[in-house]
Amino acid sequence: QVQLVESGGGSVQAGGSLRLSCAISGFTISTIGSFYLGWFRQRPGKEREEVAVISTGGTWTDYSDSVKGRFTISRDNVQKTLFLQMSSLNPEDTAMYYCAAFGTFSRTSKSGSVRYWGKGTQVTVSS
């Protein structure tokens, strides 16, 4: 049974940093290495949006314009963990953050179909 469990959320003041982790179970190391992984967020009153994506080996990444230069996505396939380092946080980053494993992903269109979702971790940034 595949599970994605996020952690590391919390409350922080504007300008601060947080590091989110997503522990992935139910995959072998070789299997997890075949999935593109990503972070999404859902801000209050808004639809869920893609924040960052990382390729199977971690050599290619993509970010939404709203977080580019402030967030860094990374992965450790041996530890089966996905990370999101968030810096220079502002109140507009307040959201529930979800990790995801894509069933399919296209670098050309920078979009894909999520096959597995985590349940989310809340990030609250106060001014």
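This is a predicted model, so every value here is computed, not measured. Sequential numbering from 1 along the given sequence is applied to the chain's residues.
When every heavy atom of Ile32 is checked against every heavy atom of Arg75, the shortest pair comes out as O-NH2, 2.9 Å.
Aromatic ring centres of Phe102 and Tyr36 lie farther apart than the 6.0 Å criterion allows. Centroid-to-centroid, the aromatic rings of Phe27 and Phe35 come within less than 6.0 Å. Taking the six-membered ring for Trp and the full ring otherwise, the centers of Trp39 and Phe71 sit at least 6.0 Å from each other. Centroid-to-centroid, the aromatic rings of Tyr98 and Tyr116 stay 6.0 Å apart or farther.
Annotation: Arg107, atom CZ; neighbour count of heavy atoms from other residues, nucleotides and ligands within 6.0 Å is above 12. Other residues, nucleotides and ligands contribute more than 12 heavy atoms inside 6.0 Å of the NZ atom of Lys68.
Side-chain atoms of Thr28 and Thr31 include a donor-acceptor pair closer than 3.5 Å. With no hydrogens or angles considered, no side-chain donor-acceptor pair links Ser17 and Arg70 at under 3.5 Å.
The OG atom of Ser21 sits 10.5 Å away from the CG atom of Asp76 when rounded to the nearest 0.5 Å. Between the CD1 atom of Ile54 and the CG atom of Leu84 there is a distance of 10.0 Å, given to the nearest 0.5 Å. Taking OG1 of Thr72 as the start and CZ of Arg19 as the end, the distance is 10.5 Å to the nearest 0.5 Å.
The cluster map of Ile, Leu, Val, Met, Phe, Trp and Tyr, joined by side-chain heavy atoms under 4.5 Å apart, puts Val114 and Tyr97 in different clusters.
A salt bridge between Arg41 and Glu50 is absent, with no side-chain N of the basic residue lying under 4.0 Å from a carboxylate O of the acidic one.
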